Amino acid sequence: MMEWKNIYRGLLMGISDLIPGVSGGTIAFILGIYDRFLESLSKFFSKEWKQQLPFLVPLGIGIGIALLGFSRVIDFLLTKYEAPTMYFFLGLIIGVIPFIAKQAKVKTDFTFGHFIVLIIVAILLAFTAFIVPDTSVITKLTVGKAIFLFFAGWLASMAMLLPGISGSFILLLLGAYHTATNALSTLNFPIMIIVGSGVILGFVVSSKAITYILHHHRVMTFAVILGLIIGSVFVIYPGLPESGTPLVMSVVAFVTGLIVANIFNEVGEMEEQKEAL
């Protein structure tokens with residue numbers, strides 16, 4: 001039986017993956033489906049692929065609707081209201097940190113070494129904020145550009161699966177973000193197919209690797225994930241907004257992000273309680 005409630009989960013994951021610095025993996029984690037998401041992806045290209053369809057199909061529909069339906073909205077908000085939009089996502093990211101820290105059992109399971117890894121990862125990611133990305137847009141494909149966009153999609157998919165670092169952020173660092181969002185908003189199918197193929201193949205390969213790491217080195221993986229989340233705060237921080245209306249809008253957006261994160265946290269806890277029953 002199809003799990004149609006996964007459509008709304010896919011919508012949330014898809015919208016988050018359109019934003020540099022916000023991870024669909026984080027949303028999946030908060031909603032309590034992260035482990036199952038990885039497991040379903042890793043088993044999709046196996047003899048058990050049919051059993052994964054009821055979970056993955058509705059999720060994929062939601063993600064697809066979000067990518068196609070909200071790409072223009074996100075592009076508009078980042079163009080016209082960049083500071084308030086980024087402050088909303090700052091509030092969202094900061095708001096989910098306590099929930100993920102609780103899941104990671106930081107107070108009981110983390111050692112000094114885990115905190116060191118967390119800090120190093122956060123610092124390394126924060127330094128990427130000083131990288132000036134290429135904002136040019138590719139509209140016509142050549143062999144070289146197709147290969148570049150394929151592997152950009154592959155690397156982005158790896159980030160999508162990791163809570164704390166988004167696929168959009170990787171695309172931004174590689175200089176392919178504006179090309180990808182432009183292709184989605186203008187329905188440039190050749191580019192969408194090339195990037196999408198890289199993403200799909202990356203999902204298959206990365207899901208198996210991440211599943212293995214989580215099962216065998218879960219605490220250290222959580223240390224890396226928390227480091228990525230904390231580091232992403234510095235990456236998407238847009239600077240202090242101008243006084244007046246921009247400042248008020250940014251404060252309201254930040255508080256709204258915190259409120260939405262709290263709602264996500266409550267949903268995540270409800271999902272945990274359901275699974276425990």
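Each residue takes its place number in the sequence, starting with 1. Computed from a predicted structure; not experimentally measured.
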Peer 1: Please check if I193 and Y177 belong to a single hydrophobic cluster, counting links between Ile, Leu, Val, Met, Phe, Trp and Tyr side chain heavy atoms closer than 4.5 Å.
Peer 2: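 Hydrophobic grouping puts I193 apart from Y177.
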Peer 1: Could you measure the distance from the CG atom of L92 to the CG atom of N262? Nearest 0.5 Å is fine.
Peer 2: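 Separation between the atoms: 11.5 Å.
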Peer 1: Out of curiosity, I230 CD1 to I119 CD1, how far, rounded to the nearest 0.5 Å?
Peer 2: 8.5 Å
Peer 1: Working to the nearest 0.5 Å, report the span between CD1 of I33 and CG of L59.
Peer 2: 5.0 Å
Peer 1: Is a side-chain N or O of H217 found less than 3.5 angstrom from the main chain of I213, in a donor-acceptor match?
Peer 2: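 Such a contact is absent between H217 side chain and I213 backbone.
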Peer 1: Under the criterion side-chain contact (heavy atoms from CB on, under 4.5 Å), I'd like the reasoning laid out for V106 against F222: C-alpha separation, chi angles, the key distance, then a yes or no.
Peer 2: CA-CA 9 Å; V106 170; F222 270 117; over 6 Å; no
Peer 1: How many angstroms lie between atom OH of Y8 and atom CG of N6, to the nearest 0.5 angstrom?
Peer 2: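 Between Y8 OH and N6 CG, I get 8.5 Å after rounding to 0.5 Å.
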Peer 1: Looking only at heavy atoms, which two atoms of L67 and L184 are closest? And how far apart?
Peer 2: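 Result for this residue pair: O-CD1, 3.9 Å.
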Peer 1: Please check if V117 and F115 belong to a single hydrophobic cluster, counting links between Ile, Leu, Val, Met, Phe, Trp and Tyr side chain heavy atoms closer than 4.5 Å.
Peer 2: yes
Peer 1: Check whether any side-chain heavy atom of L68 lies under 4.5 Å from a side-chain heavy atom of M192, and answer yes or no.
Peer 2: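 Of all side-chain heavy-atom pairs linking M192 with L68, at least one is under 4.5 Å.
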Peer 1: Using a 4.5 Å cut-off on heavy atoms from C-beta on, say whether the side chain of W49 contacts that of K43.
Peer 2: no
Peer 1: Starting from the C-alpha separation in whole Å, work towards a yes-or-no answer on side-chain contact (heavy atoms from CB on, under 4.5 Å) for F70 and L11.
Peer 2: CA-CA 9 Å; F70 288 88; L11 276 170; 4.2 Å; yes
Peer 1: Take K208 and E39 through the test salt bridge (Lys or Arg N to Asp or Glu O under 4.0 Å) and record every step on the way to the result.
Peer 2: CA-CA 8 Å; K208 294 180 182 296; E39 183 181 2; over 6 Å; no
Peer 1: Find out whether F189 and L187 are in side-chain contact, i.e. whether some heavy atom of one side chain is under 4.5 Å from a heavy atom of the other.
Peer 2: yes
Peer 1: A side-chain contact here means heavy atoms from C-beta on lying under 4.5 Å apart; do L161 and S207 qualify?
Peer 2: yes
Peer 1: Kindly give the heavy-atom pair with the smallest separation between V121 and G227, and that separation in Å.
Peer 2: CG1-C, 3.8 Å
Peer 1: Report all side-chain donor-acceptor pairs from residues 242-259 shorter than 3.5 Å, counting only partners two or more places apart or in another chain.
Peer 2:
| unit_1 | atom_1 | unit_2 | atom_2 | d |
| --- | --- | --- | --- | --- |
| S250 | OG | P246 | O | 2.8 |
| T256 | OG1 | V252 | O | 2.7 |

Peer 1: W154 and V204: same hydrophobic cluster, using ILVMFWY side-chain contacts below 4.5 Å?
Peer 2: yes
Peer 1: Return the minimal non-hydrogen interatomic distance between Y34 and G25, and the atom names on each side.
Peer 2: CD1-O, 3.7 Å
Peer 1: Tell me, do V96 and I27 make a side-chain contact under 4.5 Å, heavy atoms counted?
Peer 2: no
Peer 1: Counting only heavy atoms from other residues, nucleotides and ligands, does the tally under 6.0 Å from CZ of F234 exceed 12?
Peer 2: no
Peer 1: In terms of ring plane angle, is the pair F110 and H114 parallel, tilted or perpendicular, where the classes change at 30° and 60°?
Peer 2: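 If you compare the ring of F110 with that of H114, the planes turn out tilted.
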Peer 1: If I compare all heavy atoms of L174 with all of F148, which pair ends up nearest, and what's the gap?
Peer 2: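 So the two residues come closest at O-CZ, 3.3 Å.
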Peer 1: Give the C-alpha distance, both sets of side-chain angles, the deciding distance and a yes or no for side-chain contact (heavy atoms from CB on, under 4.5 Å) between F88 and V260.
Peer 2: CA-CA 9 Å; F88 169 79; V260 171; 4.0 Å; yes
Peer 1: Is I116 reachable from M220 through a run of hydrophobic residues whose side-chain heavy atoms are each under 4.5 Å from the next?
Peer 2: no
Peer 1: Considering all heavy atoms of both residues, which atom of L149 and which atom of A176 are nearest to each other, and what is their separation?
Peer 2: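 Residues L149 and A176, closest heavy atoms: CD2-CB, 4.1 Å.
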Peer 1: Using a 3.5 Å distance criterion without hydrogens, assess whether the side chain of T179 forms a donor-acceptor pair with backbone atoms of I138.
Peer 2: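 The answer is yes, because a donor-acceptor pair under 3.5 Å joins these two groups.
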Peer 1: For L226 versus A104, what's the shortest heavy-atom pair and its separation?
Peer 2: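 L226 and A104 have their closest heavy atoms at CD1-CB, 4.3 Å.
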Peer 1: State, with a plain yes or no, whether a side-chain heavy atom of M13 is found less than 4.5 Å away from one of F37.
Peer 2: yes
Peer 1: Mind checking the CD1-CD1 spacing from I225 to I210? Nearest 0.5 Å is all I need.
Peer 2: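 Reported to 0.5 Å precision, the distance equals 8.5 Å.
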Peer 1: Show your working on side-chain contact (heavy atoms from CB on, under 4.5 Å) between Y87 and Y237 and close with a plain yes or no.
Peer 2: CA-CA 7 Å; Y87 268 98; Y237 173 64; 3.4 Å; yes
Peer 1: Are the side chains of L90 and P238 in touch, meaning some heavy atoms are under 4.5 Å apart?
Peer 2: yes
Peer 1: Could you check if a side-chain atom of L118 sits within less than 4.5 angstrom of a side-chain atom of V224, using non-hydrogen atoms only?
Peer 2: no
Peer 1: Tell me whether I147 shares a hydrophobic cluster with L155, the cluster being built from Ile, Leu, Val, Met, Phe, Trp, Tyr side chains joined at under 4.5 Å.
Peer 2: yes
Peer 1: Nearest 0.5 Å, what's the CD1-CD1 distance between I229 and I100?
Peer 2: 3.0 Å
Peer 1: State whether the side chain of S206 and the backbone N or O of F203 hold a donor-acceptor pair below 3.5 Å, judged by distance alone.
Peer 2: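 No; zero donor-acceptor contacts below 3.5 Å.
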Peer 1: For the backbone of F44 and the side chain of E48, can you confirm whether one donor and one acceptor N or O come within less than 3.5 Å of each other?
Peer 2: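 Side chain of E48 to backbone of F44: no pair is present.
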